[in-house]
Amino acid sequence: MPARPIIVFDVNETLLDLDSMNPIFSRIFDDPAAMRLWFADLILYSEALTLAGVYVPFTDIGAAVLDMLAATRGIKISDADGAELTNRFASMPPHPEVPAALRRLRGHGFRLFTLTDNTLEISGRQLEQGGIIDLFERRFSVDETVKRHKPAPEAYHSVTAALDLEPGNMCLVASHVWDTIGALAAGCQAGLILREGNAPLPVGPQPDYIGKDLDAIADQLIERYPS
């Protein structure tokens with residue numbers, strides 16, 4: 001029986017419902033696709049800056065991408081709109097199945113952690129307002145350690161180094177293929193949650209676990225590593 005891995009969760013969209021931000025994006029941009037375009041560009045430019053050897057905090061990239069998206073459409077983001085977007089991002093609710101699935105994993109002996117590109121302050125607000133912060137043994141942020149955004153290998157290795165683990169003893173759970181690719185390339189296990197609009201990529205390293213929600217991933221982990 002292989003050793004039970006620690007479980008490390010991405011936060012935005014994986015645990016928290018990113019679509020809860022749709023109404024304010026739709027109001028500002030008059031476009032139901034604006035939020036997804038903003039988030040895709042946020043990831044794109046966080047990765048581009050990392051590849052270029054430049055570190056900018058994730059929240060700063062998010063604000064800059066918002067301004068860039070607005071400028072391409074001739075829209076001015078007011079201070080009030082900016083503040084509302086920040087507050088919404090910091091208070092996204094968890095997906096419905098997440099709290100119970102996390103408790104079930106803990107009940108079966110799994111140690112739970114988070115790893116985010118966000119600052120610890122923002123991710124802490126998110127998880128606390130979502131009522132799930134106490135389910136995690138420890139939270140990690142690239143802002144506090146390597147200052148390299150995921151999927152850079154240093155991001156995942158910062159967790160295994162801090163916990164004195166081999167990468168193979170860590171399983172990253174995320175709803176983004178780019179994140180699971182990074183974790184697998186860094187020598188970790190990975191689980192992919194197929195939130196709406198997500199699908200496996202049939203090239204490159206493939207996730208060890210794939211499921212429609214966190215309950216499905218938890219089922220697979222518990223079956224493979226029984227108490």
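Keep in mind the model is a prediction, meaning the values are calculated, not measured.
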A.B. asks: Does some side-chain heavy atom of Pro200 sit less than 4.5 Å from a side-chain heavy atom of Leu194?
C.D. replies: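 Heavy-atom side-chain distance check passes, below 4.5 Å.
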A.B. asks: Just by distance, do the side chain of Glu144 and the backbone of Phe140 share a donor-acceptor pair under 3.5 Å?
C.D. replies: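 No: the side chain of Glu144 does not pair with the backbone of Phe140.
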A.B. asks: Taking the side chain as every heavy atom from C-beta outward, state whether Val142 and His149 have any atom pair closer than 4.5 Å.
C.D. replies: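 In short, these two side chains touch, coming nearer than 4.5 Å.
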A.B. asks: With rounding to the nearest 0.5 Å, note down the distance linking CG in Leu15 to CG in Leu214.
C.D. replies: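 With rounding to 0.5 Å, CG (Leu15) is 7.0 Å from CG (Leu214).
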A.B. asks: In terms of hydrophobic clustering (I, L, V, M, F, W, Y; side-chain heavy atoms under 4.5 Å; direct or indirect links), are Met92 and Phe136 co-clustered?
C.D. replies: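 Yes, because Met92 and Phe136 connect within a single hydrophobic cluster, where side-chain heavy atoms sit under 4.5 Å apart.
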A.B. asks: Is a side-chain N or O of Ser141 found less than 3.5 angstrom from the main chain of Asn118, in a donor-acceptor match?
C.D. replies: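 Between the backbone of Asn118 and the side chain of Ser141 there is a qualifying donor-acceptor contact (under 3.5 Å).
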A.B. asks: Is the side chain of Trp38 donor-acceptor paired with the backbone N or O of Ala33 at a distance under 3.5 Å, no angle test?
C.D. replies: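 Side chain of Trp38 to backbone of Ala33: no pair is present.
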A.B. asks: May I ask you to decide if Leu165's main-chain N or O and Asn169's side chain share a donor-acceptor pair within less than 3.5 Å?
C.D. replies: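 No, because the side chain of Asn169 does not come within donor-acceptor range (under 3.5 Å) of the backbone of Leu165.
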A.B. asks: When you compare the side chain of Gln206 with that of Leu184, does any pair of heavy atoms fall below 4.5 Å?
C.D. replies: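 Contact flag for Leu184/Gln206 side chains = no.
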A.B. asks: Could you please spell out the steps behind the side-chain contact (heavy atoms from CB on, under 4.5 Å) verdict for Phe58 and Ile43?
C.D. replies: CA-CA 9 Å; Phe58 200 64; Ile43 300 304; 4.0 Å; yes
A.B. asks: Would you confirm whether Glu128, through its side chain, and Gln126, through its main-chain N or O, come within 3.5 Å as a donor-acceptor pair?
C.D. replies: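 Side chain of Glu128 to backbone of Gln126, a donor-acceptor pair under 3.5 Å: no, none is there.
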A.B. asks: Less than 6.0 angstrom from the centroid, inside 45 degrees of the normal: does Arg4 satisfy that with respect to the ring of Phe110?
C.D. replies: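 Yes, cation above the ring, under 6.0 Å and within 45°.
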A.B. asks: Whether the side chain of Arg111 engages the backbone of Glu137 through a donor-acceptor N/O pair (distance < 3.5 Å, no angle test) should be reported.
C.D. replies: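 Pair absent, no side-chain N/O of Arg111 close to backbone of Glu137.
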A.B. asks: Which heavy-atom pair separates Ala218 from Arg104 by the least distance, and what is that distance?
C.D. replies: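 For Ala218 versus Arg104, the nearest heavy atoms are CB-NH2, 3.6 Å.
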A.B. asks: Measure the spacing between CD1 of Ile217 and CD1 of Ile7 and express it to the nearest 0.5 Å.
C.D. replies: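 Ile217 CD1 to Ile7 CD1: 10.0 Å, rounded to 0.5 Å.
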A.B. asks: Measuring from atom OG of Ser123 to atom CG of Asn12, what distance do you get when rounded to the nearest 0.5 angstrom?
C.D. replies: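 Nearest 0.5 Å value for the OG-CG distance: 8.5 Å.
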A.B. asks: Do Glu84 and Arg27 come close enough that some side-chain heavy atom pair is under 4.5 Å?
C.D. replies: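 In short, these two side chains touch, coming nearer than 4.5 Å.
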A.B. asks: Determine whether Phe9 and Thr116 satisfy the following criterion, side-chain contact (heavy atoms from CB on, under 4.5 Å), listing intermediate values before the conclusion.
C.D. replies: CA-CA 8 Å; Phe9 293 90; Thr116 180; over 6 Å; no
A.B. asks: Indicate yes or no for a side-chain donor-acceptor contact from Asn198 to the backbone of Ser175 under 3.5 Å, with no hydrogens or angles considered.
C.D. replies: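 Here the side-chain-to-backbone pair exists.
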A.B. asks: Looking only at heavy atoms, which two atoms of Asp60 and Val56 are closest? And how far apart?
C.D. replies: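 It is CB-CG1, 3.7 Å.
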A.B. asks: Kindly indicate whether the side chain of Asp179, heavy atoms from C-beta on, has any atom under 4.5 Å from the side chain of Tyr156.
C.D. replies: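 Answer yes - side chains close enough.
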A.B. asks: Take Asp213 and His95, measure what side-chain contact (heavy atoms from CB on, under 4.5 Å) needs, and give me the verdict at the end.
C.D. replies: CA-CA 9 Å; Asp213 57 20; His95 290 284; over 6 Å; no
A.B. asks: Kindly say whether Arg139 contributes a backbone atom to a donor-acceptor pair with the side chain of Thr114 at under 3.5 angstrom?
C.D. replies: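 Between the backbone of Arg139 and the side chain of Thr114 there is no qualifying donor-acceptor contact (under 3.5 Å).
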A.B. asks: Can you give me the closest heavy-atom contact between Gly124 and Ile133, atom names plus distance?
C.D. replies: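 Reported closest heavy-atom pair: O-CD1, 3.7 Å.
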A.B. asks: Are any of the side-chain heavy atoms of Ile24 and Phe89 separated by less than 4.5 Å?
C.D. replies: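 Side chain of Ile24 against side chain of Phe89, heavy atoms only: no contact under 4.5 Å found.
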A.B. asks: Under 4.0 Å between a side-chain nitrogen and a carboxylate oxygen: does that hold for Asp10 and Lys150?
C.D. replies: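 Here Asp10 pairs with Lys150 in a salt bridge, since their nearest N and O are under 4.0 Å apart.
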A.B. asks: Hey, are the side chains of Arg224 and Gln189 touching, using non-hydrogen atoms and a 4.5 Å cut-off?
C.D. replies: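 Yes. Closest side-chain heavy atoms under 4.5 Å.
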A.B. asks: Within a reach of under 6.0 Å around CD of Glu166, are more than 12 heavy atoms found that belong to other residues, nucleotides or ligands?
C.D. replies: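 No, because the 6.0 Å sphere around CD of Glu166 holds 12 heavy atoms or fewer from other groups.
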A.B. asks: Is it the case that more than 12 heavy atoms not belonging to Tyr45 sit under 6.0 Å from its OH atom?
C.D. replies: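 Result for OH/Tyr45: open.
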A.B. asks: Is there a donor in the side chain of His176 and an acceptor in the side chain of Glu13, or the other way round, less than 3.5 Å apart?
C.D. replies: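 Looking only at side-chain atoms, Glu13 and His176 do form a donor-acceptor pair, the distance falling under 3.5 Å.
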A.B. asks: Any chance you could measure Leu172, atom CG, to Met170, atom CE, to the nearest 0.5 Å?
C.D. replies: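 The CE atom of Met170 is 5.0 Å from CG of Leu172, to the nearest 0.5 Å.
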A.B. asks: Side chains of Asp219 and Tyr209 only: does a donor on one sit below 3.5 Å from an acceptor on the other?
C.D. replies: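 No pair is found: no donor N or O on one side chain lies under 3.5 Å from an acceptor on the other.
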A.B. asks: Should Arg73 and Asp30 be marked as a salt bridge (charged side-chain N to carboxylate O under 4.0 Å, His left out) after you check the CA-CA gap, both sets of side-chain angles, and the distance that decides it?
C.D. replies: CA-CA 11 Å; Arg73 302 183 182 204; Asp30 193 25; over 6 Å; no
A.B. asks: Are there over 12 heavy-atom neighbours, none belonging to Asp164, within less than 6.0 Å of that residue's CG?
C.D. replies: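 No.
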A.B. asks: Apply the test ring-ring contact (aromatic ring centres under 6.0 Å, His included) to residues Tyr225 and His108: give CA-CA distance (whole Å), side-chain angles for both, the deciding distance (0.1 Å), then the verdict.
C.D. replies: CA-CA 9 Å; Tyr225 302 99; His108 280 80; over 10 Å; no
A.B. asks: For Pro151 and Glu47, which heavy atoms make the closest approach, and how far apart are they?
C.D. replies: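 It is CD-OE2, 3.4 Å.
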A.B. asks: Measure the CE-CG distance between Met21 and Leu16 for me, rounded to the nearest 0.5 Å.
C.D. replies: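 Spacing of CE (Met21) from CG (Leu16) equals 11.5 Å.
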A.B. asks: Return yes if some donor-acceptor pair links the side-chain N/O of Asp208 with the main-chain N/O of Ala190 below 3.5 Å, else return no.
C.D. replies: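 Yes: the side chain of Asp208 pairs with the backbone of Ala190.
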A.B. asks: Decide yes or no for Ile28 and Leu85: does some side-chain heavy atom of the first lie under 4.5 Å from some side-chain heavy atom of the second?
C.D. replies: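 When only atoms from C-beta onward are counted, Leu85 and Ile28 do touch, with a gap below 4.5 Å.
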A.B. asks: Check for a donor-acceptor pair, side chain of Arg195 on one end and backbone N or O of Thr14 on the other, with a separation under 3.5 Å.
C.D. replies: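 Checking the backbone N and O of Thr14 against the side chain of Arg195, a donor-acceptor pair under 3.5 Å is found.
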A.B. asks: Verify whether one side chain among Asp81 and Ser78 offers a donor that lies under 3.5 Å from an acceptor in the other.
C.D. replies: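 Note: Asp81 and Ser78 side chains meet the donor-acceptor criterion.
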A.B. asks: Please determine whether residues Leu221 and Ile132 belong to a single hydrophobic cluster, defined as Ile, Leu, Val, Met, Phe, Trp and Tyr linked transitively by side-chain heavy-atom distances below 4.5 Å.
C.D. replies: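 Both belong to a single hydrophobic cluster.
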A.B. asks: Where do Pro93 and Ser20 come nearest, in terms of heavy atoms and distance?
C.D. replies: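 So the minimum-distance heavy-atom pair works out to CD-OG, 3.5 Å.
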A.B. asks: Heavy atoms only: give me the nearest Thr180-Pro207 pair and the separation to one decimal.
C.D. replies: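 Looks like OG1-CG, 4.2 Å.
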A.B. asks: Would Leu120 and Asp143 count as a side-chain contact (heavy atoms from CB on, under 4.5 Å) here? Give the steps.
C.D. replies: CA-CA 8 Å; Leu120 284 182; Asp143 188 67; over 6 Å; no
A.B. asks: To the nearest 0.5 angstrom, please state how far the CZ atom of Arg106 sits from the CG atom of Asp134.
C.D. replies: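 Reported to 0.5 Å precision, the distance equals 8.0 Å.
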